[in-house]
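First comes the structure, then the notes that go with it.
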Amino acid sequence: MNAHALLTAQGWRGTGHSLHPTSDSNGLTHHILIKRNQDGSGLGSKKDHRQEAWWLNAFDQALKGIDVKSGTMKQTLKGGALEKITARNPAAKYTGARGLYTSFVRGGVMEGSVGGDPAAASLPTPPDSGAGTPTPLAEGPETKSGKDCGRREETREERRARREAKKLRKAEKEAQREALRRAAEKVEKKKAKKAERQAEKEKRKAGETKEEQRARRDARRKRKEEKRLMRAAKG
């Protein structure tokens with residue numbers, strides 16, 4: 001439907017005029033404005049108090065209530081928003097899962113540079129602060145770095161003792177490495193001898209007849225029995 005043509009046919013004077021036939025002072029000269037829902041809330045829902053700048057309004061209200069005319073600072077505002085927030089039993093609006101302080105995370109504490117770390121005092125001053133950046137003093141023969149400040153010169157005996165101790169530690173480490181290397185070689189040799197004996201044993205078994213195998217087993221049993229008797233006689 002062409003709304004413009006329909007209204008013109010009914011006597012409307014066109015865009016920029018109200019629906020009154022002669023005067024624009026009566027009625028609206030524009031279309032009815034519709035409030036758009038941008039937050040996704042349904043009909044009848046109230047505005048969330050967390051979307052407001054409540055902290056800025058509360059502090060601004062408290063600052064405006066301070067009286068400084070008498071030479072002292074005195075709060076004249078009673079029952080302000082800041083007082084409601086910091087009260088012993090605040091309203092449900094400021095507490096609970098949807099309270100005003102539930103979205104805040106406690107951060108660190110900002111420390112001042114006055115009387116603190118001397119390195120912080122040498123930081124560049126912002127250009128808009130109105131103060132100049134202090135320039136570091138040139139190091140002379142009397143000024144020493146923090147590394148060399150509490151350090152004294154060692155004598156020849158101390159230097160010689162330090163070097164000897166270093167050589168001794170190095171020799172101990174070399175001896176430990178050599179001992180580990182020899183132990184590893186000894187283990188490898190034992191493994192090789194064991195494998196060689198096993199191979200010879202398997203080879204000997206493969207070439208023996210049944211009678212030779214039986215005779216070898218009997219001889220081994222005889223040797224074991226003789227050793228047992230000798231241990232018993234000694235004991």
Side-chain angles (χ1 to χ4, degrees), residues 39-40 48 50 95-127 133-235:
D39 56 359
D48 193 353
R50 293 186 298 177
T95 59
R98 292 178 58 82
L100 296 176
Y101 287 99
T102 56
S103 300
F104 284 79
V105 179
R106 182 177 178 84
V109 179
M110 296 182 63
E111 299 180 357
S113 61
V114 178
D117 187 6
S122 62
L123 295 176
T125 306
T133 302
T135 57
L137 296 176
E139 292 189 359
E142 297 181 356
T143 59
K144 296 182 179 180
S145 61
K147 184 178 179 181
D148 301 331
C149 184
R151 187 175 173 183
R152 65 179 182 84
E153 291 237 7
E154 60 180 357
T155 61
R156 291 184 180 180
E157 290 76 10
E158 292 175 345
R159 191 180 301 113
R160 189 180 299 110
R162 180 170 53 82
R163 290 175 181 173
E164 291 295 334
K166 186 176 180 181
K167 289 180 181 179
L168 183 60
R169 290 194 300 270
K170 188 175 181 181
E172 289 177 354
K173 290 182 180 179
E174 290 291 338
Q176 291 177 359
R177 283 196 290 266
E178 184 66 21
L180 292 175
R181 185 182 63 81
R182 289 181 179 178
E185 288 181 355
K186 190 175 181 180
V187 172
E188 291 297 331
K189 286 181 180 179
K190 286 183 177 181
K191 289 182 179 179
K193 287 183 178 180
K194 186 176 180 180
E196 186 177 355
R197 286 195 301 266
Q198 189 69 22
E200 290 178 358
K201 188 176 179 181
E202 295 293 335
K203 185 178 180 181
R204 189 169 57 251
K205 284 182 179 181
E208 287 180 347
T209 61
K210 291 184 178 180
E211 290 76 11
E212 290 174 346
Q213 290 179 1
R214 191 179 297 112
R216 182 169 51 80
R217 291 194 191 103
D218 292 340
R220 186 172 61 184
R221 290 194 192 99
K222 187 177 180 180
R223 288 195 300 270
K224 286 184 178 180
E225 186 66 21
E226 289 176 355
K227 288 181 180 180
R228 187 179 66 79
L229 292 175
M230 289 176 63
R231 285 196 296 268
K234 290 180 180 180

Which atom pair, heavy atoms only, marks the closest approach of Glu154 to Arg162? OE2-NH2, 2.7 Å
What I want to find out is whether Glu225 reaches Arg228 closely enough, with some N-O distance under 4.0 Å, to be called a salt bridge. yes
Interatomic spacing from CD in Glu178 to CD in Gln176 - rounded to 0.5 Å: 12.0 Å
Could you grab the distance from atom CZ of Arg223 to atom CG of Asp218, nearest 0.5 Å is fine? 11.0 Å
Give a yes or no on whether a salt bridge exists between Glu174 and Arg177, defined as a side-chain N under 4.0 angstrom from a carboxylate O. yes
Calculate, to the nearest 0.5 Å, the distance between atoms NZ and CZ belonging to Lys189 and Arg182 respectively. 10.5 Å
Rounded distance (nearest 0.5 Å) linking atom CD of Glu196 with atom NZ of Lys194: 14.0 Å
How long is the straight-line distance from CD of Glu153 back to CD of Glu158, given to the nearest 0.5 Å? 11.0 Å
Euclidean distance, Arg216 CZ relative to Arg221 CZ, rounded to 0.5 Å: 10.5 Å
